[in-house]
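Notes follow the structure.
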Amino acid sequence: MPRSKDLLSISDIADRLPAILTRATTLKRLRARGRSPAPLKGRTLALIFEKPSTRTRTSFEVAAHDLGGHSLFLSAQDLQLGRGETIADTARVLSRYVDGIAYRAFRHADEVELARHASIPVINALDDLEHPCQVVADLLTMHERWKGRFRGHRLAWIGDGNNVLHSLLLGSAAVGLDLTAATPVEYPPRPEVVSAAQGLARRSGSRILLTHDPANAVAGADALYTDVWVSMGDEAQKVARQAAFQGFQVNASLLEKAAPRAFVLHDLPAHRGEEITDEVMDGPRAAIWDQAENRLHAQKALLELLLRPRRR
Ligand code: CP
Ligand code: NVA
């Protein structure tokens, strides 16, 4: 099957994840020595964002610049999209100017629509279904801490069955990492994503387990991962969600149940005191700041792969 030009789901790059992580590690090392290569010279990445962003926007812009390219931030409200120009027409026009689009959308269907009508790569910069670039950075962070070995390690997810968990289920299954996800009964991951992850897991040998009991997920885990209880777009459900997530906080007593060297991940932004305590976030077990930094290195590997000129 021909490879997709786009990165809409982390499953689009499932077979290339090991190479992407190796390349991101190299690019991180080269940057530290001030020797980043410039494969994107003369190329432009447009960023269309329908929702706020600190990390994704900044890391994409810096990544494009580091690789010798250029980036162009386009807030969805300032585009004619906000006045009713279609996604398809926007895709057709931008394809004449730029070499790739990173798109943060409310609806995954819009992501697919943009990609369908663009002749250039479209990269999902978060939507309601997935957050693939985040999970490449998460895998890079675990890869660093476990010296390149996913097999035999287990990640525990404590929280919402959301976009980040969906990409994490698929990404973990692709690289052979075991994942146990604890979500409230009312907020499980989507069944079609779970079954796609189980399909990848059968090939890689990873174990994907779902539970509603945080203590059960965390027992003996090598890393813990949490995310906000109320994602962007879910604000109307805030009260119901805060009730449903009681008992799902990553705090010192939950962390104690994990393996002695376990570390903690959070994609950020965090709601301190809700899904995670200050003590854990600011403590020695947090890998969160390395994880945030790794957005940059991971995205450089992705941009190099997806945006560099193709041989005709
Ligand atoms: N983790 C993440 O995507 O952060 P931003 O929303 O700040 O981009
Ligand atoms: N699940 C969160 C991730 C933010 C980076 C959201 O969608 O708001």
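Atoms within each ligand, like the ligands themselves, are counted from 1 in listed order.
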- [ ] Measure from NZ or CZ of Arg145 to the centre of the six-membered ring of Phe263 and say whether it is under 6.0 Å with the direction within 45° of the ring axis.
- [x] yes
TODO: Using distance alone, decide if ligand 2 has a nitrogen or oxygen within less than 3.5 Å of any nitrogen or oxygen in His131.
DONE: no
Task: Close side-chain approach of Val62 to Arg295, heavy-atom, < 4.5 Å - done: no
Task: Numbered atoms of ligand 2 (with element) below 4.0 Å of Leu268, judged on heavy atoms - done: 5 (C)
Task: Ligand-side contact atoms (ligand 1) for residue partner His131, heavy atom cut-off under 4.0 Å - done: 2 (C), 3 (O)
Task: Salt bridge present between Asp178 and Arg151 (N-O < 4.0 angstrom) - done: no
TODO: Report the nearest protein non-hydrogen atom to atom 7 (O) of ligand 1: residue, atom name, distance rounded to 0.1 Å.
DONE: Thr54 N, 2.6 Å
Open item on the list: Show me which atoms of ligand 2 lie under 4.0 Å from any heavy atom of Leu126.
Closed with: 3 (C), 4 (C), 5 (C), 7 (O)
Task: For Arg295, the ligand 1 atoms whose distance to one of its heavy atoms is below 4.0 Å - done: 1 (N), 2 (C), 3 (O)
- [ ] Would you mind listing which atoms of ligand 2 come within a distance below 4.0 Å of any non-hydrogen atom of Asp267?
- [x] 3 (C), 4 (C), 5 (C)
- [ ] Just let me know how Leu268 lines up against ligand 1, side chain, backbone, both or neither, with a heavy-atom cut-off below 4.0 Å.
- [x] backbone
Open item on the list: Below the 3.5 angstrom mark, is there an N/O of Ser53, backbone or side chain, next to an N/O of ligand 1?
Closed with: yes
TODO: Let me know which of Lys41, Lys28, Arg35, Arg31 forms a salt bridge (charged side-chain N to carboxylate O under 4.0 Å, His left out) with Asp66.
DONE: Arg31
Task: Protein contact of atom 7 (O) of ligand 2 - nearest heavy atom, named by residue and atom, plus distance - done: Asn163 ND2, 2.8 Å
Task: Electrostatic pair Arg83:Asp78 at N-O distance under 4.0 angstrom - done: no
Open item on the list: Consider side chain to side chain donor-acceptor pair (under 3.5 Å). Of Glu293, Gln299, Lys300, which one does His297 pass it with?
Closed with: Glu293
Task: Closest to atom 6 (O) of ligand 1 among Gln291, Met232, Arg104 (heavy-atom distance) - done: Arg104
Open item on the list: What protein heavy atom lies closest to atom 4 (O) of ligand 1? Include the residue and the distance to one decimal.
Closed with: Arg55 NE, 2.9 Å
Open item on the list: Quick check: Pro269 and ligand 2, any N/O pair under 3.5 Å apart?
Closed with: no
Open item on the list: Looking at Lys238 and Glu235, is there a salt bridge between them, counting it only when a charged N and a carboxylate O are closer than 4.0 Å?
Closed with: no
Task: Residues Asp267, Arg55: salt bridge by 4.0 Å N-O rule - done: no
Task: Per-atom contacts of ligand 1 with Asp267, taking only distances under 4.0 Å to non-hydrogen atoms - done: 1 (N)
Task: Test: Arg107 and Glu111 ion pair at under 4.0 Å - done: no
Task: Shortest protein contact, atom 8 (O) of ligand 2 (heavy atom only) - done: Met232 N, 2.8 Å
Open item on the list: Under a 3.5 Å cutoff, is there a donor and acceptor pairing between the side chains of Thr141 and Gln291?
Closed with: no
TODO: Please state whether Lys51 comes within less than 4.0 angstrom of ligand 1, counting heavy atoms only.
DONE: no
- [ ] Write out the residue and atom name of the closest protein heavy atom to atom 2 (C) of ligand 2, then the distance separating them to 0.1 Å.
- [x] Ser231 OG, 3.3 Å
Task: Sidechain N-carboxylate O distance under 4.0 Å for Asp278, Arg272 - done: yes
